Q: 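One structure follows; several queries about it will come next.
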Amino acid sequence: MHPYRTHTCGALGKDQAGETVRLSGWVFRKRDHGSLLFYDLRDHYGITQVVIQPENPLFDKCQHLKQESVITVTGRVEPRSPETVNTKLATGEIEVIAEDIVFESVAAQTPLYLAGDDEGPEDLRLTYRYLDLRRDTMQRNITLRSDIIASLRQRMTGHGFREFQTPILTCSSPEGARDYLVPSRLHPGKFYALPQAPQLFKQILMVAGFDRYFQIAPCFRDEDARADRSPGEFYQLDVEMSFVTQEDVFAVVEDVLHGVFCEFANGKRVDELPFRRIPYSEAMVKYGTDKPDLRIPIELSDISELFRTSDFKAFSGAVANGAVVRAIPVKAIAGKPRSFFDRLVEYAQSIGAKGLAYLVWSDGAVKGPIAKFLKPDELEVIKTQCGVGDGDVVFFMCDAPDAANRISGDIRVKLGRDLEIIEQDVFRFCWVVDFPMFERDEETGQIQFSHNPFSMPQGGLEALDGDPLAVKAFQYDIVCNGTELSSGAIRNHSPEIMLKAFELAGYKREEVEEKFSFLLNAFRYGAPPHGGIAPGVDRIVMLLADATNIREVIAFPMNQRAQDLMMNAPGEVSEKQLRELHIRLRKPVTPEPEAT
RNA sequence: GGGGGCGUAGCUCAAUUGGUUAGAGUCCCAGACUGUCGAUCUGGAUGUCGCGGGUUCGAGUCCCGUCGCUCCCGCCA
């Protein structure tokens, strides 16, 4: 017999009744009846009830054994009597009567209690991650992650892609996020950087003629965390293709993502293919954001022109000064109490709105604070444009375009949540396309890249001769349920167009030639038109695991302050190590207490 | 860098308007119990109220500072 197990803890049933088996696992729950002792023995695969009878010489020791100890049990599989069958357990029709028990690893009192619902404080969970990961939900999340990644790989190779490795030690890139730096021992004063993404390497692989690249790629960015953004490192399904249009990229990514979401949706619905395409400018008006949650059945619209000529001076004056008005129509809430509207106005103000007007269609009349300023035909236009009728409400907010979008988008999401009208059990996807190539910096007034400087401007070189702010890029995002899964682009493979684009963003020719010399050079020896995308693996797993926090789908995440509480990273290093790296520390000076 | 929330027993949380010896569940310990399955019953132990200062006759509660965690803004080409 195998020294540890003949079966796993999820494997036994009536078929094995009468057999002598061996199981190994953790002591999960104990039920001590004084003269009869039950263990729930747990391993990765399941739970089996072990019965320890008073005749067993190890009975006393088993009574006092701590939960989470690891034991090996040898015993006979007994069918349970009908009244003692546990239908909640896959192995609930049988139990194992312990004959011999080996105490492989006796556990001390655990700082986390694993047999209950409480997860405990997150810093304890992260410090004792090996305990926390034993929980069923964490086992499921982490195995789901593994299964999703395996499926992604299979689907990508099925589309003719090959997986490549690219360097982890590379050099700092002048654009983008803050880098993680690694000092060089052989080159005093010089540093490697961890890649923020394998962006340039994958483009070089296209120049090298490999045609279709993918990688489950680790990416490192030294930026602050969010609930859906782990500090330090994260993984992307990094994809690049040669001789493709935007639609070719979409076709592959749609097939892979749709496939993987259907495979792991666990009963939830997934949008049919093809996914909706929404131009950036339309998304900003209809949803107030470039990552719309399409599960919320509210569509905003621009109603500035109507208010420009209206008698409502607060709005018409603002519109004359460049402000816009957004209408937020909501079905069937005319009957909500006054307090509902007051609270929403309060919320709007708390996120920076100057106010929030509204009209209520009720009992054939139009009511609300601004109704008296609007003529009947104006009300009719609003009613038609917003598609509302009796019982419905339209909110209005007026501000500069950026603020109006942001605030009305936030209100849309808040209404969705508060009214509980967000569709459940569905994954709603869309592509957001036609991002602007450039934007104006609010403070300096400078033209700058709004997203990726290496994207191809639509219209090519000619388009760059006109108004830069009117230039769109072959730049796209894929969004699921309000989560941005990925950005991608058709790349700019022409040195001439690239130099021109950078020039518009205020970079001198020589500067660009110097910073990106290898890329420009590569493009000067025959570069295929190419493009790609890089969906975030952690976020895909998060959506499919129905997790609200990205740390729930990462085995060993760092906390919000970018510390690994289990490993104690980042940690100090010895003076010898520093000397080898030619580094002298320059710690922040702690202010001395003031003399009195 | 900025803003919000939280911080009371190992864990989850309570403590009235500032007022007696800071409570409950759970965990833990001891005892009882041969059919439980988050076993049950009885008893017991457990506190730097995050830390420092201030106001007050009196502070877990109010004020100031600080630390930690978390969510958000900035940031994330």
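Treat the numbers as computed from the prediction; the structure is a model and nothing was measured.
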Q: So, A/Lys515 and A/Glu511, do they make that salt bridge, N to O below 4.0 Å?
A: yes
Q: Would you call A/Glu240 and A/Lys202 a salt bridge, taking side-chain N to carboxylate O under 4.0 Å as the test?
A: yes
Q: Inspect the surroundings of CD in A/Gln139 and state if more than 12 heavy atoms from other residues, nucleotides or ligands are less than 6.0 Å away.
A: yes
Q: In whole Å, measure the gap between the C1' atoms of B/rG43 and B/rC6 for me.
A: 36 Å
Q: Please indicate whether A/Phe28 has more than 12 foreign heavy atoms, meaning atoms of other residues, nucleotides or ligands, lying under 6.0 Å from its CZ.
A: yes
Q: Give one of base, sugar-phosphate or nothing for A/Pro111, where a contact means two heavy atoms less than 4.0 Å apart.
A: sugar-phosphate
Q: Can a salt bridge be assigned to the pair A/Arg125 and A/Glu119 using a cut-off of 4.0 Å between side-chain N and carboxylate O?
A: yes
Q: Sticking with atom P, work out how far B/rC63 lies from B/rG7, rounded to a whole angstrom.
A: 14 Å
Q: In whole angstroms, how far is the P atom of B/rG31 from the CG atom of A/Asp60?
A: 10 Å
Q: Whole-Å distance between B/rC28 P and A/Leu65 CG?
A: 12 Å
Q: What does the B/S/- profile of nucleotides 37-46 of chain B look like, 5' to 3', with a 4.0 Å heavy-atom cutoff to protein?
A: BBB-------
Q: If B/rC75 has a Watson-Crick or G-U wobble mate with both distances under 3.5 Å, name it; if not, just say none.
A: none
Q: Please pick, from B/rU12, B/rC27, B/rC33, the nucleotide with the shortest atom-to-atom distance to any side-chain atom of A/Gln63.
A: B/rC33
Q: For atom P, what is the distance between B/rC33 and B/rU70, given to the nearest Å?
A: 48 Å
Q: Less than 4.0 Å between a side-chain N and a carboxylate O, is that true for A/Arg226 and A/Asp228?
A: no
Q: Write down the distance between CD (A/Gln67) and P (B/rC11), rounded to a whole number of angstrom.
A: 17 Å
Q: Within 45° of the six-membered ring axis of A/Phe103 and under 6.0 Å from that ring's centre, is NZ or CZ of A/Lys61 located there?
A: yes
Q: What's the gap between B/rA39 and B/rU26 when it is taken at their P atoms, as a whole Å value?
A: 12 Å
Q: Please determine, for B/rU42, whether a Watson-Crick or G-U wobble partner exists with both distances under 3.5 Å, and give it or none.
A: B/rA30
Q: Could you check how far CD of A/Glu119 sits from C1' of B/rC13, rounded to whole Å?
A: 16 Å
Q: Mind checking the P distance from B/rG35 to B/rU40? Whole angstroms is fine.
A: 15 Å
Q: Using the P atom in both, what is the distance from B/rA59 to B/rA22, to the nearest Å?
A: 14 Å
Q: Is the number of heavy atoms from other residues, nucleotides or ligands under 6.0 Å of A/Glu55 CD greater than 12?
A: yes
Q: In this structure, how many angstroms lie between the P atom of B/rC27 and the CG atom of A/Leu131, rounded?
A: 17 Å
Q: Please say whether the positively charged group of A/Lys30, taken as NZ for Lys or CZ for Arg, lies over the ring of A/Phe38, i.e. under 6.0 angstrom from the six-membered ring centre and within 45 degrees of the axis.
A: no
Q: Indicate, with a heavy-atom threshold strictly under 4.0 Å, whether A/Gln475 touches base, sugar-phosphate, or nothing.
A: nothing
Q: Taking atom P in both B/rU8 and B/rA15, compute the distance separating them and give it to the nearest angstrom.
A: 14 Å
Q: Find the partner of B/rG7: check Watson-Crick (N1-N3 plus N6-O4 or O6-N4) and G-U wobble (N1-O2, O6-N3) distances, both under 3.5 Å, and reply none if neither fits.
A: B/rC67
Q: How does each nucleotide of nucleotides 69-76 of chain B score, in 5' to 3' order, for protein heavy atoms under 4.0 Å: base (B), sugar-phosphate only (S), or none (-)?
A: SBBSBBBB
Q: Using whole Å, report how far OH of A/Tyr39 lies from C1' of B/rG35.
A: 17 Å
Q: What's the CG-P distance between A/Leu36 and B/rC33, to the nearest Å?
A: 13 Å
Q: Given the P atoms of B/rG44 and B/rG25, what is the spacing between them in whole Å?
A: 12 Å
Q: Aromatic rings A/Trp431 and A/Tyr476: how do their planes relate, parallel, tilted or perpendicular, breaks at 30° and 60°?
A: perpendicular
